Novice: 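Below you'll find the structure I mean.
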Amino acid sequence: MNKIRVAVLCSGGGTNLQAILDSAAAGRIPAGEIALVVSDNASAYALERAKKAGIETVVADKKEIPDRAERERRILAALEAHDIGLIVLAGFMTILSEAFTRKYDHRMINVHPSLIPSFCGPGFYGLKVHEAALSRGVKVTGATVHYVNEVCDGGPIIAQKAVCVEEGDTPETLQKRVMREAEWIILPQAVETVCERLSKEREI
Ligand code: GAR
């Protein structure tokens with residue numbers, strides 16, 4: 001089979017990246033090959049995880065390159081140089097331009113820590129999503145994997161998994177549960193599903 005070369009874009013701890021790397025190492029992403037990790041934060045722990053797994057890394061640091069268009073140019077050049085077929089946004093904290101998202105139409109996916117369309121869109125990222133869910137008093141939240149288009153968190157949904165809110169939850173405890181019970185499961189599965197589709201399309 002024609003493996004799809006995957007790039008994972010991260011800004012922080014990279015636990016979702018780790019879930020993908022572990023799944024790939026366990027043979028659960030046969031249609032894909034994790035070929036590159038990109039970060040917009042030079043001190044992201046995700047970069048260490050990539051190095052430990054022997055994956056090439058590229059940094060387009062926000063502080064060093066404050067202009068988003070310039071960062072996107074560098075990222076695009078790296079993606080093209082590595083012949084990337086699928087981009088995975090795994091805790092990547094920059095909203096990408098419409099021109100960028102159009103280039104990777106149905107070839108870029110994102111994991112979001114809520115059940116879209118709740119608690120999503122500009123301003124909803126990381127712990128803020130869980131703070132908003134707790135202040136609204138929802139009893140069920142979860143995670144979503146979706147294709148990325150020009151609307152922030154607005155692309156077609158690929159997978160969702162619900163997670164219960166528990167009495168006494170803090171944003172931190174809820175974030176951990178959503179990661180463990182939803183994100184780390186549905187993201188690697190979605191990577192395989194999309195790689196399989198892209199690989200079949202190549203064969204046609
Ligand atoms: C994850 O919970 C991810 O869903 C979220 O940031 C966290 C990154 O953690 N992403 C967003 O909020 C994007 N809107 P990680 O670096 O440990 O994977």
Side-chain angles (χ1 to χ4, degrees), residues 6-24 29 34 36-53 55 57-62 68 75 87-97 100-101 104 108-136 138 140-163 165 169-191:
V6 178
V8 185
L9 276 54
C10 311
S11 300
T15 65
N16 277 289
L17 165 66
Q18 192 65 56
I20 294 169
L21 293 173
D22 293 349
S23 252
I29 310 186
I34 316 307
L36 183 67
V37 169
V38 177
S39 183
D40 58 359
N41 170 11
S43 46
Y45 187 65
L47 292 167
E48 300 307 313
R49 296 181 189 271
K51 282 172 198 156
K52 273 185 203 148
I55 312 282
T57 60
V58 164
V59 176
D61 189 77
K62 268 188 181 171
R68 184 183 73 170
I75 294 172
I87 301 174
V88 179
L89 305 184
F92 189 64
M93 300 304 179
T94 297
I95 296 176
L96 294 162
S97 70
F100 192 108
T101 60
Y104 285 88
M108 172 154 52
I109 66 175
N110 176 50
V111 61
H112 183 78
S114 75
L115 294 174
I116 289 174
S118 290
F119 313 117
C120 65
F124 286 100
Y125 57 88
L127 271 181
K128 287 180 194 289
V129 177
H130 305 291
E131 282 163 12
L134 289 176
S135 349
R136 184 62 186 84
V138 295
V140 175
T141 182
T144 302
V145 178
H146 63 91
Y147 285 108
V148 176
N149 65 12
E150 70 286 358
V151 180
C152 176
D153 295 329
I157 291 171
I158 300 166
Q160 290 188 303
K161 193 164 188 288
V163 174
V165 177
D169 259 340
T170 62
E172 289 79 9
T173 60
L174 185 55
Q175 179 182 51
K176 264 277 144 61
R177 189 173 323 107
V178 168
M179 284 175 158
R180 204 177 44 237
E181 294 183 8
E183 296 184 51
W184 299 342
I185 299 167
I186 62 173
L187 182 60
Q189 285 174 350
V191 172

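Nothing here was measured: the structure is a model prediction, and the numbers come from that model. Indexing begins at 1, ligand by ligand and atom by atom, following the structure's order.
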Novice: Arg68 and Ile95: which non-hydrogen atoms are nearest, and at how many Å?
Specialist: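 It is NH1-O, 2.6 Å.
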Novice: With a 3.5 Å cut-off and no angle check, do the side chains of Asn41 and Ser11 form a donor-acceptor pair?
Specialist: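 There is no such pair between these side chains.
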Novice: Determine whether Phe100 and Ile87 make a side-chain contact, defined as any pair of heavy atoms from C-beta on separated by less than 4.5 Å.
Specialist: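 Counting from C-beta outward, Phe100 and Ile87 do come under 4.5 Å.
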Novice: Does a side-chain heavy-atom distance below 4.5 Å link Phe92 with Val148?
Specialist: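 Phe92 does not reach Val148 side chain to side chain.
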Novice: Taking the side chain as every heavy atom from C-beta outward, state whether Leu89 and Leu96 have any atom pair closer than 4.5 Å.
Specialist: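 Yes, close enough: below the 4.5 Å cut-off.
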Novice: Identify all pairs of nitrogen or oxygen atoms, one from ligand 1 and one from the protein, separated by less than 3.5 Å, and list them with distances.
Specialist:
residue	atom	partner	partner atom	Å
ligand 1	2 (O)	Glu183	OE1	3.1
ligand 1	2 (O)	Glu183	OE2	3.0
ligand 1	4 (O)	Glu183	OE1	2.7
ligand 1	12 (O)	Gly126	N	2.8
ligand 1	14 (N)	His112	ND1	3.3
ligand 1	16 (O)	Gly14	N	2.8
ligand 1	17 (O)	Gly14	N	3.4
ligand 1	17 (O)	Thr15	N	2.8
ligand 1	17 (O)	Thr15	OG1	2.7
ligand 1	18 (O)	Thr15	N	3.4
ligand 1	18 (O)	Asn16	N	3.0
ligand 1	18 (O)	Asn16	ND2	2.9

Novice: Mark yes or no for whether Thr144, through its side chain, and Gln160, through its backbone, hold a donor-acceptor pair below 3.5 Å.
Specialist: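 No; zero donor-acceptor contacts below 3.5 Å.
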